[in-house]
Novice: 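What follows is a single structure, and I will ask about it in a moment.
Protein chains get the first letters and strands the later ones, always in sequence-line order, with residue 1 at the start of each. Just so it is clear, the model here is predicted, and its values are computed rather than measured.
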Amino acid sequence: MLKLESINVRFGGLAALQDVSLLVDSEDMVGLVGPNGAGKTTLFNVISGLVRPTGGRVLFNNIDVLRKPLYARARMGIGRTFQIPQPMHELTVRENLLVAQRFGTGSVNQSKIDEILDFVRLSDKSDRNAATELALTELKALEVAKALAIQPKLLLLDEVLSGLETAGKRQFMQMLSDLHWRFDVGILIIEHDIETISSVCKRVCVLNFGKLIADGTADAVFKDPEVIKSYTGESGA
Amino acid sequence: MKIRFLLPVLAVVYLAIPYLWGGNNYVMSLLVAAFIIAGVALAWALLANLGGMVSFGHSAFFGVGAYLSALLCINYRLPVLAGILMGGIGAAVASIAMLPALRLRGPYFALAVLAYANIFKILAMEFKGITEGAAGVTNIPALPTVMGFDFSSKLGTYLVIVTIVLLFTGSYHLIRVSHYGAALKAMHDSEDATRVVGVNSTLLKAMMLFVSAFMTGVVGAVNAHYINFIDPDYAFDLGWTLLPMVAVVFGGYRTLMGPLVGAVGIFMLDQLVFKALIGTGHQIMLGAVLAVMVLFSPDGLVPLIGDKWKRIRRAQA
Amino acid sequence: MFDLILQATYSGLLSGGSYALIALGLALVFGTMRVINLAHGEFVLLAAYIAYTVESQMDWNPLLALPISVVVVCITAAIVYLLVTRLDKNREMNSLILTFGLGVILTNLVLFIWKADIHSTSVGWFQEAVVLGPLYSMRSELLFFITSVVMVAILWVWLDKSWYGRAVRAVSSNRDAAKLMGINPHVTELISFLIAGILASFSGVALYCASVIQPALGNALTIKAFIITILAGIGSIPGVLIGAVLLGVSEALTITLLSSALQELTGMLLLLFVLLALPNGLFGRAGRRG
Ligand SMILES: Nc1ncnc2c1ncn2[C@@H]1O[C@H](COP(=O)(O)OP(=O)(O)OP(=O)(O)O)[C@@H](O)[C@H]1O
Ligand SMILES: [Mg+2]
């Protein structure tokens, strides 16, 4: 479904991504790990259209989407969350989903919104102001909900678990493993914590200094010496 | 702001005011002028509040509407009402020229639009074959007489402009409560978040620019048929931007009523108080109002009062 | 024809030089504070009217008005600065509206005190011709140009060498880093407003000696100054000089080759072109406008 062909991104002198190629299928749930500043978020930005790569191609269902603007990619079915939650200001939780659904899918379906709200456990918060009246866990849940509201075929989740306390995290992980089949969506998920990622994803990719250094089953990847080195040697994360 | 509010407003506007002052040409002409400003102020506020764009160039739309309607009615004998509509459409079409400026950030957009407004004025001066240049367009047909009622009279024009302004207010309200309104609201502080869920933010902003330009053009056209004479210096005067801007900053651009109350309030203050007290240079007070409001209550006076009112009511409850 | 073009280029060069003096103050404030002071043209206007008063009331040479102008305009500039710093929310946009309002106040103050009449100096010396080969100009124009170039040069060297200049550059490129280096950005900003005031005083007095003044002029001067500032891009003094000359020469050529009514159009088109096509102006550092 998603095919990245040797993506390169430079910010001035910094090579944020170098020759990254990746395939994600519609049944996949792929973990993307790597130390701070490895380029994980940048990769999401390239896929969703916030950053234009200096080289390479992004194919979504065999269509080259590089020239397509953000909103068009969203309408094609690429949904994403932000590492730092970005609720739509001045709107309630429900209105956030409504806008996402109306513009992402072209029509409004209240029962679908109720279903999503229920799934991310925000039903009783639906009339809260999204930007000012939510706790962190709820903001993260709203990020996922907004992305789901556009009926995505591919979901890009950027560290939705980080910063949560243990109980919230466990709940969220349960939710994530359900996401996949409940909403019939392929998932690419960024996560720092190796244990977390191996418990939800069978397949894991590792980015380090902008390069994709491993791609395989979680077990195999985390035994790879180069991966271990990147985690212990350089960033200590 | 619902029906409870609307009926008294309608009663005052359509019954009480005509009944009390309908025969008084002085009061009526003041009100017509005030509502002309109110119409532009509303359009300006729509662009600022929904589109998030501060414009220094609304005089461009005002002038294009005035000229287009006047010339179509004179040269092609278009009925005046059709001319006014065309004036609005023409202004919206003219705003297409400003689309490239949409990707500029706030202050740069404001200044770019000011440049456009100046360019439009110069063009009106220079295309003498069409616009008569600096000499101006005279004998612009007046508003028609319909079923024996003379709409070119002060009272008639008052009813026309008030109706237009109320229709615009209604449209503004409908846009604001629609999904488009919600998306536009969200775009201000979280544009990326809005775009990644499928909102074409540039298109929405462009639409607000068209709507605002259309409204301003219509008002400019009505004004042209009301005073029957325009020249580039008048029709494209920066004052058509300044006064509505002061009105909006005074009344508050977040609310529907703010621009209207602000426009009528500021215009009356300017004409009845400032002009009488100061004479030449009375616009100094407009500058002062603008400065003071931006410094002390950037959201305007009406929200200020609204907040107080809410607090009082909450205290009583 | 060639002679005409040559003369137009020369006149354009001279007026461009004088535009540079007017624009530099605006550019400096814009560089340090990212505030476009829409009242800047009115500073110049105020100085010009003080020169007029000194000449008409006291019968002195208008050049002697300089000290008074500097004092009055700098006080005005300091007031504008203090008001601008009071803005907390959305300063970039609100300062535009605020200074626009202050400009309206100043224009109308001038109108109130001096009325709407047009004035120019009656000192004949200024209007005498200076002929340089095929080129012709008035003494006052040449004087304005020379003053302008000298002041721009002084400011350039000073900004390059002095402690203050370094502070300005530090503040305009990174405010927070400058604070860490022990620079008080408020002082730097106030100084740039005061320098803008001094430059405006010189411009105003020179303007009165070289041409005619009227209250509505302030606005037109501000527009020219910000066209030049945008042309130059953020933080480039030679950029201001070149941008000003570019504007002056294009205007003069437009007048000679097309029509004097189109003079203003040239500047506007230049402005739009740079705004829309050159994100950093002609010479500026990168600064986001989109
Ligand atoms: N818009 C940008 N301009 C310049 N540099 C950028 C930009 N976005 C990211 N970078 C740089 O690119 C590198 C990769 O950043 P990125 O955000 O993709 O890392 P990450 O893997 O998501 O890290 P983290 O785990 O901290 O979220 C970093 O060095 C970052 O500073
Ligand atoms: Mg990241």
Novice: With a 4.5 angstrom heavy-atom cut-off, could you sort out which part of Leu265(C) is near chain B: side chain, backbone, both or neither?
Specialist: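 For Leu265(C), heavy atoms of backbone and side chain both lie under 4.5 Å from chain B.
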Novice: Which atoms of Ile122(B) come close to chain C, meaning under 4.5 Å heavy atom to heavy atom: side chain ones, backbone ones, both, or neither?
Specialist: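 When you check distances to chain C, only side chain atoms of Ile122(B) fall under 4.5 Å.
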Novice: Quick check on the interface: out of Ala110(B), Pro100(B), Ala288(B), Gly281(B), who has the most heavy-atom pairs with chain C under 4.5 Å?
Specialist: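 Counting heavy-atom pairs under 4.5 Å, the top option is Gly281(B).
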Novice: Out of curiosity, Met53(B) CE to Met93(C) CE, how far, rounded to the nearest 0.5 Å?
Specialist: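 Output value for this atom pair is 11.5 Å.
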Novice: Side chain, backbone, both or neither: which part of Met245(B) has a non-hydrogen atom closer than 4.5 Å to chain C?
Specialist: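 Only the side chain of Met245(B) comes within 4.5 Å of chain C.
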Novice: Give a yes or no on whether the backbone of Phe296(B) and the side-chain of Arg86(C) come within a donor-acceptor separation of less than 3.5 Å.
Specialist: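 Such a contact is absent between Arg86(C) side chain and Phe296(B) backbone.
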Novice: Given that the side chain runs from C-beta out, which part of Ala112(B) has a heavy atom under 4.5 Å from chain C: side chain, backbone, both or neither?
Specialist: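 Contact with chain C: backbone and side chain both.
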Novice: Identify which part of Ile278(B) has an atom lying under 4.5 Å from any heavy atom of chain C, answering side chain, backbone, both or neither.
Specialist: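 Contact with chain C: backbone and side chain both.
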Novice: Taking the side chain as every heavy atom from C-beta outward, state whether Val104(C) and Leu290(B) have any atom pair closer than 4.5 Å.
Specialist: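 No, their side chains stay 4.5 Å or more apart.
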Novice: Roughly how far, to the nearest 0.5 Å, is NZ of Lys115(C) from OG1 of Thr280(B)?
Specialist: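 Going from the OG1 atom of Thr280(B) to the NZ atom of Lys115(C) covers 5.5 Å.
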Novice: Non-hydrogen atoms of chain B under 4.5 Å away: do they reach the side chain of Ser259(C), the backbone, both or neither?
Specialist: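 For Ser259(C), side-chain heavy atoms alone lie under 4.5 Å from chain B.
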Novice: So which of Ala291(B), Gly287(B), Ala115(B) has the largest heavy-atom pair count under 4.5 angstrom toward chain C?
Specialist: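 Greatest number of close heavy-atom pairs with chain C: Gly287(B).
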Novice: Under a 4.5 Å heavy-atom cut-off, does chain C meet the side chain of Phe109(B), its backbone, both or neither?
Specialist: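 Neither; nothing under 4.5 Å.
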Novice: Less than 4.5 Å to any heavy atom of chain B: does that hold for the side chain of Ile36(C), its backbone, both, or neither?
Specialist: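 Side chain only.
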Novice: Under a 4.5 Å heavy-atom cut-off, does chain B meet the side chain of Leu38(C), its backbone, both or neither?
Specialist: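 Just the side chain, heavy atoms under 4.5 Å.
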Novice: Say you draw a straight line from CG of Leu275(C) to CZ of Arg103(B); how long is it, rounded to the nearest 0.5 Å?
Specialist: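 Result: 9.5 Å between the selected atoms.
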Novice: Measure distances from Gln283(B) to the heavy atoms of chain C and classify the residue's part below 4.5 Å as side chain, backbone, both or neither.
Specialist: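 Both parts, backbone and side chain.
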Novice: Are the side chains of Phe112(C) and His282(B) in touch, meaning some heavy atoms are under 4.5 Å apart?
Specialist: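 When only atoms from C-beta onward are counted, His282(B) and Phe112(C) do not touch, as no gap falls below 4.5 Å.
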Novice: Could you tell me which portion of Ile223(C) (side chain, backbone, both or neither) has an atom closer than 4.5 angstrom to a non-hydrogen atom of chain B?
Specialist: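 Contact with chain B: side chain only.
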Novice: Would you mind checking which part of Leu272(C) comes under 4.5 Å of any heavy atom in chain B, side chain (CB onward), backbone (N, CA, C, O), both or neither?
Specialist: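 Just its side chain gets close to chain B.
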Novice: Take atom OH in Tyr234(B); do more than 12 heavy atoms of anything else shown fall under 6.0 Å from it?
Specialist: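 Yes, the 6.0 Å shell around OH holds more than 12 heavy atoms from other groups.
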Novice: Test Leu104(B) against Leu276(C) for side chain to side chain contact (heavy atoms under 4.5 Å, CB included), laying out the working first.
Specialist: CA-CA 8 Å; Leu104(B) 297 173; Leu276(C) 300 175; 4.0 Å; yes
Novice: Rounded at 0.5 Å granularity, tell me how far CG in Leu271(C) sits from OH in Tyr108(B).
Specialist: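 The distance works out to 11.5 Å.
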Novice: Taking every non-hydrogen pair under 4.5 Å, which of Leu238(B), Ile284(B), Val289(B) racks up the most with chain C?
Specialist: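 Ranked by heavy-atom pairs under 4.5 Å with chain C, first place is Ile284(B).
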Novice: Under a 4.5 Å cutoff for heavy-atom pairs, which residue among Leu96(C), Val84(C), Leu111(C) has the most contacts with chain B?
Specialist: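 Most heavy-atom pairs within the cutoff with chain B belong to Leu96(C).
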Novice: Please round to the nearest 0.5 Å and tell me the distance separating atom CG of Leu258(C) and atom CD of Glu126(B).
Specialist: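 One gets 10.0 Å once the value is rounded to the nearest 0.5 Å.
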